[in-house]
Amino acid sequence: MRSPSALSRRLLPAALVLVLAACEPTNQGYAPPQPVNYSHAVHAGGLRIPCLYCHFGAERGRHAGIPPASVCLNCHRQVLPDHPEVAKVRAAVDAGKPIPWVRIHQLPDHAYFNHKPHVAAGVTCQTCHGPVEEMGRVSQHAPLTMGWCIECHRKGSERTGAGFATIPAAQANRLTDCAVCHH
Ligand code: HEC
Ligand code: HEC
Ligand code: HEC
Ligand code: HEC
Ligand code: HEC
């Protein structure tokens, strides 16, 4: 006869995932005002500046990163130098102080995420962050819950097409191991 403990060892992880997926908090729609009124719709939409021009960290490692204010001045020493929002950027650079951008997407410390493997696998920024190039002010598009992460990691092997590389089934199974996201 199968012992109850063997049964629960087998079922517990699956049950835990379901329970956690159901009751996690979400910050979907969070769109705090920013210290400088910077618009992705103007820059990534209208001007078509590539995401990676500013968020080059996403290709290289864990964090996409926010560009230093000096990157803005690559253009804004010439373009709209007298615009009041651009003046704030120049003041920050002159003072040697970073602009205190308000962080929007933030996982708890116990969860590990890394941009690099996602970008390398061809998952587009928009898959997780929504149509940022249409946003005047960035808002959190996805729930960023464990259930959301696992759903894609599990179904990855079934998906094909634009913006998503096919994950082989064995790899997709490995991607749902707890240790992948909890070190
Ligand atoms: C010219 C530089 C620039 C470009 C190009 C750019 N961004 Fe940004 N991005 C910023 C700055 C500055 C911030 C911080 C202020 C804000 O939230 O708007 C930011 C914030 C973000 C955030 C929110 C970060 C957080 O705190 O969670 C996301 C997500 C993001 N960008 C994605 C994108 C995507 C996707 C693209 C391309 C479609 C893109 N960005 C293009 C400069 C840029
Ligand atoms: C698979 C989903 C996913 C993809 C694809 C993705 N991101 Fe993110 N992004 C996240 C998550 C999750 C966080 C929060 C990470 C954390 O708190 O450790 C985040 C955070 C950010 C941040 C703020 C914090 C940081 O890491 O610097 C920026 C900016 C950002 N992403 C930009 C981008 C850009 C630009 C791309 C495309 C090149 C992109 N992201 C692709 C899920 C994704
Ligand atoms: C590659 C060049 C380039 C970079 C880099 C760049 N901008 Fe711009 N920005 C422009 C241009 C061109 C315009 C004018 C767009 C128009 O009027 O159609 C503009 C417009 C603006 C405006 C006024 C228009 C509006 O309504 O948003 C602000 C404010 C601004 N940028 C802030 C920033 C900040 C902050 C950064 C850095 C995070 C930045 N820009 C980076 C080229 C750039
Ligand atoms: C839209 C699909 C998608 C979403 C959503 C997603 N991922 Fe991924 N994840 C992938 C793909 C694709 C890979 C790369 C697999 C490969 O390298 O073959 C990956 C790889 C990873 C890796 C590296 C695994 C390794 O060891 O190779 C980590 C860590 C990770 N994801 C964490 C997360 C976390 C945490 C979240 C949620 C905050 C998340 N992912 C959301 C598709 C996704
Ligand atoms: C693909 C990434 C991923 C995998 C795989 C994963 N988790 Fe998570 N987990 C997360 C993220 C992201 C969070 C934070 C989300 C939240 O709390 O909103 C989280 C949160 C948690 C929490 C805290 C919940 C809370 O309410 O604070 C526990 C406990 C947990 N996970 C256990 C597990 C166990 C056990 C497994 C394996 C069966 C597992 N995780 C597999 C991404 C993952």
### Task
Take Lys88 and Ile99, measure what side chain to side chain contact (heavy atoms under 4.5 Å, CB included) needs, and give me the verdict at the end.
CA-CA 9 Å; Lys88 292 187 199 169; Ile99 298 170; over 6 Å; no
[X] and [Y]: same hydrophobic cluster, using ILVMFWY side-chain contacts below 4.5 Å?
X	Y	value
Tyr38	Val93	yes
Val86	Val36	no
Val119	Val132	no

### Task
Hey, can you tell me if His118 and Phe113 have their rings parallel, tilted or perpendicular (30° and 60° cut-offs)?
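If you compare the ring of His118 with that of Phe113, the planes turn out parallel.
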### Message
In terms of relative ring orientation, are His115 and His129 parallel, tilted or perpendicular, with 30° and 60° separating the classes?
### Response
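Ring orientation, 0 to 90° scale: parallel.
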Taking all non-hydrogen atoms of both residues into account, name the closest pair between [X] and [Y] and its distance.
X	Y	answer
Val102	Pro33	CG2-O, 3.8 Å
Val180	Arg174	CG2-O, 3.4 Å
Arg103	Tyr30	O-CE2, 3.7 Å
Arg137	Ala31	NH1-O, 3.0 Å

Spatial distance of atom [atom1] ([X]) from atom [atom2] ([Y]) [nearest 0.5 Å]:
X	Y	atom1	atom2	answer
Gln28	Leu144	CD	CG	8.0 Å
Glu133	Ile49	CD	CD1	13.0 Å
Arg90	His83	CZ	NE2	12.0 Å
Cys51	His40	SG	NE2	7.5 Å
Leu52	Glu59	CG	CD	5.0 Å
Leu175	Cys149	CG	SG	11.5 Å

### Message
Taking ring-ring contact (aromatic ring centres under 6.0 Å, His included) as the definition, give me every residue that meets it alongside His76, ordered by chain and number, with sequence neighbours left out.
### Response
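None.
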### Task
Before giving the answer on side chain to side chain contact (heavy atoms under 4.5 Å, CB included), spell out for His182 and Met146 the whole-Å C-alpha distance, their side-chain angles and the decisive distance to 0.1 Å.
CA-CA 11 Å; His182 302 289; Met146 173 162 137; 4.1 Å; yes
Could you tell me if the side chain of [Y] sits less than 4.5 Å from the side chain of [X], heavy atoms only?
X	Y	answer
Arg77	Pro81	no
Ile104	Pro32	yes
Pro67	Tyr53	no

### Message
Working note: His63 + Asn114, criterion side chain to side chain contact (heavy atoms under 4.5 Å, CB included); need CA distance, chi angles, decisive distance, verdict.
### Response
CA-CA 7 Å; His63 297 291; Asn114 188 334; over 6 Å; no
